[in-house]
Amino acid sequence: MTEGKKLYGAIPLEARAAEVDDNEVDKRRAQAAVHMMNINIDERERRNNIGNVLAAATSVYVLWAALYADDGGLEGHILRFLTFIPLGFAAGFKISAKAGL
């Protein structure tokens, strides 16, 4: 990540104009140093929301894979095993939001 970029949903994009004054920036930096986090509160909330959406989508996928797509063959087992992909991303976003890293 380079200077002048900010994370939006874990994607580095050009930062917008200053959103807060310098005193607030200093206060947030001190808070981040104490709590050992390197992403701001807005990004943590975005990651938490992304994790919630992925968890809901994973739940729908699991129901579909278990009730409709699994015919007892190899393809059904593979489809159920693929549940770990969105589940892993959902857990990763939720953990990142909680830890602030």
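Being a predicted model, the structure only gives us computed values, none of them experimental. Note: hydrogens, waters and symmetry copies are ignored here, and every other heavy atom, side chains too, is used. Along the sequence shown, residues carry numbers from 1.
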- Path from I85 to V53 over hydrophobic side-chain contacts below 4.5 Å: no
- Item | Considering all heavy atoms, the nearest L82-P86 contact | O-CD, 3.2 Å
- Message: Can you tell me how far apart CD1 (I78) and CD (E75) are? Round to the nearest 0.5 Å.
- Response: 6.5 Å
- Item | Test item: S96 side-chain N/O and G92 main-chain N/O as donor-acceptor pair under 3.5 Å | no
- What distance do L63 atom CG and Y68 atom OH have between them, rounded to the nearest 0.5 Å? 8.5 Å
- Item | R44 side chain vs K98 backbone, donor-acceptor pair below 3.5 Å | yes
- Rounded to the nearest 0.5 angstrom, the CG-NE2 distance for D71 and H77 is 8.5 Å
- L87-W64 co-clustered via ILVMFWY side chain contacts under 4.5 Å: no
- Message: Same cluster or not: V60 versus L79, using hydrophobic residues (I, L, V, M, F, W, Y) connected whenever any side-chain heavy atoms lie under 4.5 Å apart?
- Response: no
- Message: I need the minimum non-hydrogen distance between N48 and A97, along with the two atoms involved.
- Response: N-CB, 3.6 Å
- Query: When hydrophobic residues are tied together by side-chain contacts of less than 4.5 Å, even through go-betweens, does F89 share a cluster with I95?
  - Reply: no
- Note on the structure: Of all heavy-atom pairs linking A90 and A55, the shortest is CB-N, 3.7 Å
- Looking at CZ of R46 and CG of D42, how far apart are the two atoms once the value is rounded to the nearest 0.5 Å? 5.5 Å
- Message: With a 4.5 Å cut-off on side-chain heavy-atom distances among I, L, V, M, F, W and Y, is there a chain of contacts connecting F93 to Y61?
- Response: yes
- Rounded to the nearest 0.5 angstrom, the CD-CD1 distance for E43 and I50 is 7.0 Å
